Amino acid sequence: MADTSRQQARRAHGASGGILLNGVHKWYGEFHVLKDINLTVKEGERIVICGPSGSGKSTLIRCINRLEEHQQGQIIVDGIELTNDLRNIDKIRAEVGMVFQSFNLFPHLTILDNLCLAPIWVKKMSRAEAEKTARMYLERVKIPEQALKYPGQLSGGQQQRVAIARALCMNPNIMLFDEPTSALDPEMIKEVLDVMIELANSGMTMMCVTHEMAFARSVADRVIFMDRGEIVEMAPPDEFFSNPKSDRTKHFLSQILNH
Amino acid sequence: MTATTNRQGPGPLVPPAKPSLLYRPEFRQAVYQILLVVGLVAGFWAIAHNVSENLARQNIASGFGFWNRTSGFDISQSLITYNNQSTYGQAFWAGLFNTLLVAALGVVFATLLGFIIGIGRLSSNWLIARLCGAYVETLRNLPLLLQLFFWYFAVLKNLPGPRQSIVLPAGATLNVRGLYIPAPVPEQGFNAVLIAFAMGIVASIGVYMWARRRQLATGERFPVLWTTLALILLLPGAVYIALGQPLGWEYPVLRGFNFQGGIPIQPELMALVVGLSTYTASFIAEIVRAGIAGVPRGQREAANALGLSSGLTMRLVVIPQALRIIIPPLTSQYLNLAKNSSLAVAIGYPDFVSVFTGTVLNQTGQAVEVILLTMLVFLTISLITSAFMNWFNKHIALVER
Amino acid sequence: MTSTTADLRPPRSEVGVVGWLRKNLFSSPMNAILTVIGIWIIWTVVNAVAHWAFANATWDGTSGKDCTWPGAGACWPFIKAKFSQFMYGRYPEPQRWRVDLTYVLAIIGLVPLMIPRIPGKLFNTIYMLVFFPIAAFLLLVGGYFGLPYVPTELWGGLLVTLVVASVGIAGAFPLGILLALGRRSRMPIVRWVSVGFIEIVRGVPLITVLFMASVMLPLFLPEGMTIDKLMRALIMVALFSAAYLAEVIRGGLQAIPRGQFEAADALGLTYAQKMGLIVLPQALKLVIPGIVNTFIGLFKDTSLVLIIGIFDLLGIVQLNQTDANWFSPSTGMTGYVFAGLVFWIFCFGMSRYSLFIERRLAESDKR
Amino acid sequence: MEKGNFMKRATKLFATAAAVALGTAGMASAQTLDKVKKQGTLSCGVNVGLAGFSAPDDKGNWTGLDVDYCRAIAAAVLGDATKVRFVPTTAKERFTALQSGEIDVLNRNTTWTLGRDSSLGLSFVGTNYYDGQGLMVKKSLGVKSATELGGATVCVQTGTTTELNLADYFRLNKLEYKPVVFEKADEILQAYQAGRCDVYTTDASGLYAQRLQMQQPDEHIVLPEIISKEPLGPSVRQGDSQWFTIVRWVHFALLNAEEAGITKANVDQMTNSTNPDIRRILGKEGEFGKGIGLSADWAYQAIKQVGNYGEIFEKNVGSGSRINIARGQNSLWTKGGLQYAPPIR
């Protein structure tokens with residue numbers, strides 16, 4: 001799509017640079033995982049999604065870059081609608097960075113190669129240029145000295161920061177985080193959260209599934225609570241934490257904050 | 001308890017008395033090992049003694065003097081010059097090369113088929129996955145020997161005789177005596193075509209290196225595959241046509257009892273290669289499936305999330321990791337295939353075991369020497385294979401903390 | 001916003017037959033093409049098999065002539081006529097009850113041993129390791145208690161296949177365990193000897209080992225001492241599978257956590273006690289699937305004994321195909337299909353069993 | 001060659017070392033006769049399956065010329081023709097079986113050659129069947145003589161003199177051919193019938209026997225040429241002259257019996273014969289049995305329980321059998337054949 005047509009598309013869907021979900025449903029076989037999800041994320045907005053396990057929050061953000069397929073409704077990312085059209089999917093994936101709970105670094109490549117892989121093969125950058133970008137982002141996540149090591153040689157926290165840098169190397173407009181700190185030891189959580197906070201402050205559009213409520217409180221524009229496949233509550237953090245409307249939210253918050 | 005343990009306070013420390021020799025672990029280990037060595041030596045000695053005595057008593061020839069004697073028998077297929085005036089030593093090599101030929105062909109076909117079926121088992125298409133599963137479960141639960149008999153005695157046996165041969169495209173012929181394909185006969189000027197072919201290969205390597213460097217420098221990619229194909233095929237092709245097609249074909253023709261000319265491929269060889277590769281493919285398929293399934297889902301998702309297309313994801317992320325899992329068991333399957341090729345003896349293909357451990361042993365009657373040499377050959381093959389495997393494992397091992 | 005939205009049924013295209021078809025067979029044009037090809041393959045194979053084995057098969061007859069007609073499929077009367085030979089070889093007919101009784105004794109021992117739920121494994125194992133082999137030997141060979149002696153040259157068919165495979169694996173056990181322990185020993189010579197044996201045996205094809213049994217082993221023995229041919233094959237098969245078994249058991253030993261060894265040491269157990277009471281019982285349980293797989297391999301490989309003139313199931317089928325009375329164009333194929341079916345049922349059954357045990361082990365790991 | 005020499009030396013060294021260390025290099029041979037008598041059975045190596053010579057029927061009873069020779073030896077030595085343990089051997093293992101003592105006598109249509117007599121540790125005792133290598137083809141090929149076989153494909157069994165004769169014959173006649181070599185006779189039979197080969201070659205007697213196994217025996221002919229001499233006979237281990245003599249004279253006794261007209265049926269009446277030849281054969285005169293370590297009625301037992309040579313021949317391969325081979329050169333010398341036995345006296 002040419003740039004102008006994309007702008008038109010953005011205007012048409014009213015989601016310029018952001019994400020729009022419109023009546024999205026998803027089933028796993030007979031199991032209804034996402035029920036009528038309606039959500040608009042504006043450019044630069046930072047959303048934190050929380051909820052009990054099995055509530056569909058991971059599925060939701062995985063639908064956004066088509067790691068999961070939705071069956072009903074509309075998902076428009078950065079002005080592009082997600083359909084079965086492979087060109088659209090590739091385009092969206094290049095625009096949307098994703099960080100996983102289990103890091104998913106490529107163990108057979110060095111840190112630097114992990115970072116350069118997509119820029120070279122997808123963005124068709126030269127090696128030198130890709131390396132320059134990669135080192136810049138490694139600097140930004142504060143592990144420039146690890147560039148030539150392999151993922152297996154790094155701690156979990158370091159690996160997750162590499163994963164974030166790897167996503168950033170594609171210069172995405174939107175970043176998705178799927179429980180980025182759940183697999184980490186407590187002392188490593190902070191180093192990853194610091195990077196995420198820094199990123200949030202730079203004005204990136206972010207959707208983050210996490211149970212780090214302190215993080216939600218400090219950076220989120222809105223907090224979403226999901227339960228049994230639906231959005232139960234959606235509010236700015238102050239309101240969300242101080243005055244939850246739904247009983248289910250209250251119950252969840254009481255459990256997660258008082259443990 | 002003795003009084004010393006009840007002693008109050010830290011008295012002067014007495015160095016512990018050395019335990020008696022009998023209770024020292026090193027001593028015991030040494031004794032065990034010496035016993036083992038003595039036992040083994042005695043065992044071998046007894047065997048050697050019995051053998052030498054049995055042979056001497058009955059005036060049976062021994063030693064390797066037969067190696068240079070004239071064999072007096074013929075071998076139906078040989079990659080080296082061999083006739084009944086050749087020596088037993090030459091028969092040894094003729095058989096060995098035949099085995100290596102079968103092993104090489106088998107490895108190629110088994111790998112191709114095995115990868116196709118292994119990937120097929122992971123197909124999202126239910127039917128294809130099930131079909132490939134059925135293939136694996138059928139073939140690997142049947143004895144290989146039975147499969148060879150099946151191919152040779154039940155399938156190839158039903159081919160027509162030479163006079164009713166099945167005519168295949170391009171001048172090839174198939175009958176119960178085998179498959180006959182036309183043999184290329186180079187004429188004058190054909191060397192130029194070969195040179196063009198070699199140049200094409202050299203140029204392709206050049207293009208590949210240039211394209212790689214350019215991609216590193218500018219990020220732009222170049223259609224290497226197509227260029228390479230064009231260079232390797234079109235260049236010699238053009239030379240070939242320009243020189244007036246300087247290549248004749250010798251077609252197989254029915255003369256007397258059999259087809260003469262062309263390249264004959266014996267039915268024994270066909271049955272053996274088909275049997276070995278379909279059987280081994282069922283094991284390779286399982287290895288490939290396990291290898292690809294062994295790459296965590298997250299790896300593929302991460303690559304997808306970075307925008308890599310499914311082809312690139314396979315090529316850059318999944319396959320390099322799957323190969324680490326696949327190659328060691330794959331190598332041992334290759335070794336199995338080479339060992340299994342010895343079943344040739346049952347369907348009359350002159351492989352190493354059939355020629356050397358079969359005919360040579362029978363003609364010379366020197367079982368001990370012949371079987372020792374046979375084992376030596378297979379041990380050499382397996383040692384080379386495991387040396388490769390060790391080298392490979394060392395080079396690809398993932399670096400861990 | 002407190003109420004839960006009711007679960008909706010997924011759209012029809014997602015579930016049920018239609019959804020299943022769409023997802024599994026026609027998710028893309030490529031897949032659709034593959035599906036069509038797959039259906040074509042299945043149709044061709046099923047069609048050919050059904051015609052050959054049923055529609056065009058000969059069901060009754062007394063000789064190969066009855067199976068010789070244009071388009072004739074399987075020659076089943078051949079199997080019917082030769083069935084008892086395929087099962088027992090030339091074992092004298094009035095004595096065949098002894099073979100059947102051996103099978104019954106084996107089943108009595110094996111079935112409870114294979115079902116994990118049934119208690120009394122120790123008693124069972126002793127039965128299988130001590131009582132059964134002695135009983136089977138006395139029954140099959142005879143020469144005692146008024147049972148006529150049946151020389152092994154008369155044995156054949158499935159009987160030989162089962163005897164070679166099971167004696168091969170059972171005989172391989174003690175040596176396999178010793179080799180596995182030896183390979184992990186701290187004593188260098190013990191280790192080298194074990195490694196040497198394992199690697200040499202695994203490096204050579206079974207057929208050369210069998211040739212060795214038939215033409216070399218007799219020369220190894222002192223003058224005047226001979227061993228029955230089947231026995232020689234059994235010895236070599238057992239030595240051969242010991243090497244493979246050793247590698248399987250080694251895998252099990254490696255999977256036992258260090259802590260188990262240390263705990264045993266801390267309790268003051270000797271090496272033999274430590275291995276026999278603590279380590280081996282755990283390790284062997286872990287490698288049951290591996291042992292079963294080795295057995296499957298051995299079971300298939302027993303067919304090689306036909307090359308040295310011992311008639312196992314495949315050998316006796318092959319031999320009977322040259323029976324002039326039963327000559328017909330489809331006799332050969334029928335024989336191979338029958339032998340294949342028998343082998344397949346055994347091997348497939350065992351591989352399913354090994355899978356079942358593997359799953360059970362995985363489950364108990366989770367707990 | 002470098003390698004061969006080295007190996008040879010190494011083996012020799014090894015063997016010598018072992019022999020020296022144990023102080024003896026070859027003890028006196030075991031007395032096979034004592035062993036057989038002690039065990040009460042004769043172990044006899046026979047073919048795995050060759051109709052007319054040695055083949056088990058469906059019930060496991062062995063029949064054939066070679067088999068009857070085993071029985072005759074058992075009758076002579078043990079007085080009971082049923083005291084035989086038949087050990088089926090493949091072409092490959094037959095000699096080892098004899099060398100190692102697994103069998104006491106090898107009766108397996110084995111050709112007597114100098115090489116086997118000298119380097120395999122065997123001694124052939126005589127010829128119980130004069131054979132020659134023949135060639136069988138399909139009638140439909142229209143071949144009348146072996147000289148027309150240039151370019152043919154030939155099925156042959158591995159490890160036999162047949163394989164060597166074949167090579168010699170075609171080389172001598174400057175004919176091309178392709179060998180296809182199998183381990184067992186039934187495999188050759190299958191391959192030949194499938195048309196894999198034009199020619200099936202083995203001893204002529206084997207060809208006749210195998211032809212019976214074919215779907216349509218009439219469609220195959222054995223060509224007139226006999227391309228080799230194949231004297232088939234029993235063999236024993238070298239170095240036990242007593243046992244050698246016994247087996248050899250059982251063979252001669254069967255021949256002499258035929259010559260003297262002693263048959264299975266009339267042997268009892270013959271004991272009353274006044275003919276000194278017959279009396280000597282049947283142990284009524286002289287102490288020949290004692291001389292070879294057997295009882296006086298050794299030949300009587302063999303003839304009584306098995307029959308004379310002619311009877312054995314006719315029953316198994318001759319007119320009394322499906323194979324129906326003419327006596328030909330296997331007739332007694334008195335009838336123009338080659339079978340000639342030294343006298344018992």
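Quick note on labels: first sequence line is chain A, next is B, and so on, each numbered from 1. The figures that follow rest on heavy atoms only: side chains count, while hydrogens, waters and symmetry mates do not. Every value quoted in this text rests on a predicted model; they were computed, and no experiment measured them.
The greatest number of non-hydrogen atom pairs below 4.5 Å with chain B, out of C:Phe343, C:Tyr336, C:Phe211, C:Phe346, is found for C:Tyr336. When each of C:Ile37, C:Ile296, C:Val342, C:Ile42 is checked for heavy-atom pairs under 4.5 Å with chain B, C:Ile42 comes out on top. Among the candidates B:Ser341, B:Ser332, B:Ala154, B:Pro143, the residue making the largest number of heavy-atom pairs closer than 4.5 Å to chain C is B:Pro143. The candidate from B:Leu146, B:Leu144, B:Val51, B:Ile128 with the greatest count of non-hydrogen atom pairs under 4.5 Å with chain C is B:Leu146. The most heavy-atom pairs under 4.5 Å with chain B, out of C:Arg186, C:Met350, C:Met30, C:Gln318, come from C:Gln318. The residue among B:Phe150, B:Phe153, B:Phe149 with the most heavy atom pairs within less than 4.5 Å of chain C is B:Phe149.
Taking the side chain as every heavy atom from C-beta outward, B:Leu145 and C:Leu304 approach each other to under 4.5 Å. Side-chain contact between C:Thr208 and B:Phe378: present, with at least one pair of heavy atoms (C-beta onward) separated by less than 4.5 Å. Taking the side chain as every heavy atom from C-beta outward, B:Gln33 and C:Pro188 approach each other to under 4.5 Å.
Neither the backbone nor the side chain of C:Leu206 comes within contact range of chain B; no heavy atom of the residue lies under 4.5 Å from a heavy atom of that chain. With a threshold of 4.5 angstrom between heavy atoms, C:Ser303 approaches chain B through its backbone and through its side chain. Residue B:Leu335: no heavy atom, backbone or side chain, is found under 4.5 Å from chain C. Using a 4.5 Å cut-off between heavy atoms, C:Arg191 does not touch chain B at all. Looking at C:Val193, the atoms closer than 4.5 Å to chain B (heavy atoms on both sides) all sit in the side chain, from C-beta outward. For C:Leu314, the part lying under 4.5 angstrom from a heavy atom of chain B is the side chain only. Heavy atoms of B:Leu40 lying under 4.5 Å from chain C belong exclusively to its side chain. For chain C, the nearby part of B:Val345 is the side chain; its heavy atoms alone come within less than 4.5 Å. Heavy atoms closer than 4.5 Å to chain C are found in the side chain of B:Thr374, but not in its backbone. The part of B:Leu131 that comes within reach of chain C is its side chain, from C-beta onward, which places non-hydrogen atoms under 4.5 angstrom from that chain. Interface remark: B:Leu343 contributes side-chain atoms only to the contact with chain C (heavy atom separation under 4.5 Å).
Side-chain atoms of C:Trp344 come within 3.5 Å of backbone N or O of B:Glu137 as a donor-acceptor pair. Listed for the B:Asn125 side chain is a donor-acceptor partner under 3.5 Å among the backbone atoms of C:Asn31. The backbone N or O of C:Arg202 sits less than 3.5 Å from a side-chain atom of B:Lys339, completing a donor-acceptor pair.
The number of heavy-atom neighbours closer than 6.0 Å to CH2 of C:Trp52, taken from other residues, nucleotides and ligands shown, is above 12.
Contacts between residues 352-362 of chain B and chain C, counted as heavy-atom pairs separated by less than 4.5 Å, involve B:Val353, B:Thr357, B:Leu361.
To the nearest 0.5 Å, the span separating CD1 on C:Ile189 from OH on B:Tyr32 amounts to 14.5 Å. Note that CD1 of B:Ile47 and CG of C:Leu219 are 11.0 Å apart. Values are rounded to the nearest 0.5 Å.
Considering all non-hydrogen atoms of both residues, C:Glu199 and B:Leu379 come closest at O-CD2, 4.1 Å. The minimum heavy-atom distance between C:Ile307 and B:Ala346, with the atom names listed, is CD1-CB, 4.1 Å.
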